[in-house]
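Contents: one structure, followed by commentary.
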Amino acid sequence: MGVESVRIFNTVTGQKEPLAPLVPGQLGVYVCGPTVYSYVHIGNARTFTSFDVVVRYLRYRGFQVRYVRNYTDVDDKIINAAKETGESALELAARFVREFEADAKALRLLAPDVSPKVSETIPEIIALVEQLVAKGVAYESQGDVYFQVSRWPEYAKLSKRNLEELRAGERVAPGEQKREPLDFALWKAAKPGEPSWDSPWGKGRPGWHIECSAMAAKHVGKTIDLHGGGRDLIFPHHENELAQSEAGNGCRFCNVWMHGGFLDLDGAKMSKSLGNVVRLRDALGKVDAEALRYFFLSTHYRSPLAFGDKSLADAEGRMEYFYETLRKVDEKLAASKAGEGPVDGDPRRSLTEFEAALDDDFNVPGGLGVLSGLFAELNELADGKSKVKDKAVAARTMAALRGVVSTLSPALGLFEESPTAWLERRRDRLVKDRGLDRAAIDALLAERAAARTAKQWAESDRLRDALKALGAEVKDTPAGQQWRVVG
RNA sequence: GGCGCCAUAGCCAAGUGGUAAGGCAAGGGUCUGCAAAACCCUCAUUCCCCGGUUCGAAUCCGGGUGGCGCCUCCA
């Protein structure tokens, strides 16, 4: 188990570092999850997919990973959204948790070991705030509690900000009772109609950052191995989380901070405030979920990724190629009895190359490059074009390479479905989306099969054209006709 | 203004000191009754520009130019 070979880029140091678990063989991972006031957009989805693969790969590498991804279900935006729908804030949040879970399942995101909610972590949050007050780094002010940044010298070590500069630009929002502009709220006094809980400072609710500190400590530990989120969380969210946790718990909060790149639309970061947002739910209605996943994975997680119809179409075409190959291979394998014996070359070589890529800060695009060679080889073998002449050797080699694909699948969350099921589901979706006449297609297919049996090539070609006019492209294989939606 | 990221072929995208992965598109070929699919071949003497370090740089350093992000809610 070459686990010591995994290297990860750490935002704090700005470098790739060898992964050094707190407890050998185990890892505690905390990923900042969604604030559930609406449907998530595909930018959020990209980040969650990136960390999904991080967790998958680390498990693939043999680590016992404790994976926690929270729901922020108490927040200003939720309160505001609830005012519009007439639901209570917690009801609205609960509804969007369910919506998120449906989307996450479609995208094949692993279910975290724990998905804590702020509303279920209030006692721990209060305890942490009390601790910060007791240590003199936080103070109460008219029912609010603030973290006093000037009392924590290490502040800004993650985002590497200049405190003087920050102060110059900082403003105090109306109604806030801060001693200094940079101070941020740990606890907010309740306003009428807002969700609130009893606390030593009266009724109130947590500030934005404290919940993650409390949930991470409660469900992962006071010191965690890996913390993930989008780049935009570096400041202020993670900076504040870091300060609170370390000031409160008196120990290091997190060893490796990982941050994912943005999804861009029309050259700008996709964000709700800019309005250039595509909901994951809507994208999932237009493109195959696994193809969307593949699209996310086609660029390194720290790099920006441009969203576009062409990229999505390319990704879906690629998925079709992968699954067509696997279908063909599986059919051949089912029909052949390879038995025991030698194989050609070293099928595990691609596995080693794949791992080398992923070990290097989760270089998934590099790993996908390795897969290309693997699939080409699989196609050669399945089509009988391989240089391997001995049929038994070829069959065993094909089985071994197919085994490699199966081995890597869980690390990426790709190619896990039955090829026939994937291909049929996609075709059905396309037939439906384009309003194709399935009955007419099937009828022509039957006619054409008869014509082909009779070797009536002209008629066969005519029917092929007729099918194409209906939107179906037919191909002839040793196993008979196969067709796909074209265009 | 402060902090940070990025710039690789028509497009997408790896590579971060040893002589440019992979995908899409394009052209040629094999296969096929003809197709489709698949496979094979071709496709960047060169990595935004200018200097520097080095035996050697897309990779390191300095300076430009261009794009983006955070600094206010944001994955």
Side-chain angles (χ1 to χ4, degrees), chain A residues 11 14 16 31-35 37 40-51 69 75-77 80 156 159-166 168-171 173 208 228-237 239 259-264 267-274 277 280 294-295 298-306 308 310-311 313-315 317-318 320-321 324-325 328 353 357 360 363-386 452 455-458 460-461 464-465 468 473-478 481-484 486:
Chain A
T11 305
K16 290 180 192 172
V31 173
C32 281
T35 298
Y37 66 100
V40 292
H41 61 69
I42 52 178
N44 303 316
R46 185 210 175 182
T47 297
F48 296 135
T49 304
S50 297
F51 289 106
R69 189 191 60 214
D75 169 89
D76 289 349
K77 295 201 168 196
N80 291 335
S159 59
K160 301 170 185 67
R161 306 280 155 151
N162 178 317
L163 284 186
E164 296 307 319
E165 295 287 344
L166 277 178
E170 195 69 18
R171 280 196 213 131
W208 174 34
R231 298 202 79 77
D232 45 2
L233 294 184
I234 296 173
F235 189 91
H237 186 241
E239 192 65 70
H259 292 98
F262 295 132
L263 188 70
D264 294 344
K269 170 195 175 189
M270 181 174 291
S271 75
K272 289 175 185 171
S273 45
L274 287 177
V277 163
L280 173 56
Y294 179 85
F295 165 68
S298 64
T299 295
H300 186 88
Y301 78 91
R302 283 191 284 116
S303 299
L305 172 61
K310 186 181 178 299
S311 310
D314 287 351
R318 199 63 185 146
E320 184 182 23
Y321 165 82
E324 282 285 8
T325 304
K328 191 162 62 181
E353 288 173 1
D360 182 14
N363 183 357
V364 176
L368 293 175
V370 176
L371 278 187
S372 290
L374 181 59
F375 273 78
E377 208 175 336
L378 236 17
N379 269 117
E380 274 183 2
L381 256 2
D383 290 345
K385 289 174 187 161
S386 170
R452 293 188 62 74
K455 294 199 187 303
Q456 294 167 351
W457 305 129
S460 169
D461 292 349
R464 179 165 61 206
D465 291 342
K468 194 146 196 173
E473 182 179 76
V474 66
K475 67 175 172 178
D476 300 304
T477 77
Q481 295 173 299
Q482 286 181 357
W483 67 280
R484 59 197 279 259
V486 72

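The chains referred to below are lettered A, B, ... by the order of the sequence lines, with proteins before strands, and numbering in each begins at 1.
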So, A:R484 and A:E320, do they make that salt bridge, N to O below 4.0 Å?
yes
Could a donor-acceptor pair under 3.5 angstrom be found where the side chain of A:K385 meets the base of B:A38?
yes
Looking for any heavy atom pair under 4.0 Å, which part of the strands does A:K77 touch: base, sugar-phosphate only, or nothing?
base
B:C61 and B:U54, which share atom name C1', separated by this distance in whole Å
12 Å
Side chain of A:P236 (C-beta onward), nearest among B:C73, B:C34, B:G69:
B:C73
Could you state the interatomic distance from CG (A:L368) to CG (A:L374), rounded to the nearest 0.5 Å?
11.5 Å
Want to settle it: does A:R464 or A:R484 sit nearer the 5' end of RNA chain B, counting the closest nucleotide to each?
A:R464
Just by modelled atom types, is the A:K475 backbone N or O under 3.5 Å from a matching donor or acceptor in the A:Q482 side chain?
no
If you assign each of A:D314 and A:Y37 to its closest nucleotide in RNA chain B, which residue comes earlier from the 5' end?
A:D314
B:A36 and B:A9, which share atom name P, separated by this distance in whole Å:
31 Å
Please state the C1' separation for the pair B:G17 and B:C47 - nearest whole angstrom.
15 Å
When the C1' atoms of B:U30 and B:A21 are considered, how many whole Å apart are they?
25 Å
Using the C1' atoms only, state how far B:C50 lies from B:A58, rounded to an integer number of Å.
16 Å
Please confirm whether A:R318 makes a cation-pi placement over A:Y294, using NZ or CZ under 6.0 Å from the six-membered ring centre and within 45° of the ring normal.
no
Provide the distance between the two P atoms, one in B:U42 and one in B:G33, to the nearest whole Å.
28 Å
Span that lies between the P atom of B:A26 and that of B:A20, in whole angstrom:
27 Å
Rounding to the closest angstrom, what is the interatomic distance between B:U16 and B:A7 at atom P?
12 Å
Please pick, from B:C34, B:C70, B:A37, the nucleotide with the shortest atom-to-atom distance to any side-chain atom of A:K269.
B:C70
Does any nucleotide pair with B:C3 by Watson-Crick or G-U wobble geometry, both distances under 3.5 Å, and what is it?
B:G69
Contact class for A:R69 vs. all strands (heavy atom < 4.0 Å): base, sugar-phosphate, or nothing?
nothing
What is the nucleic acid contact for A:R46, judged by heavy atoms within less than 4.0 Å: base, sugar-phosphate only, or nothing?
nothing
Can you build the contact string for nucleotides 3-20 of chain B? Use B for base contact, S for sugar-phosphate-only contact, and - for no protein heavy atom under 4.0 Å.
S---------SSS-----
Counting just side-chain N and O atoms, does A:Y294 come under 4.0 Å of either OP1 or OP2 of B:G22?
no
Hey, does the side chain of A:R302 reach the backbone of A:R231 with a donor-acceptor pair shorter than 3.5 angstrom?
no
With a distance cut-off below 6.0 Å to the six-membered ring centre and an angular limit of 45° from the axis, does A:R69 pair with A:F51 as a cation-pi contact?
no
Where the side chain of A:S273 is concerned, which of B:C34, B:C73, B:A36 is the nearest nucleotide?
B:C73
From the set B:A36, B:G33, B:A75, return the single nucleotide nearest to any side-chain atom of A:E473.
B:A36
Is it true that A:D461 and A:R464 make a salt bridge, defined as a side-chain N closer than 4.0 Å to a carboxylate O?
yes
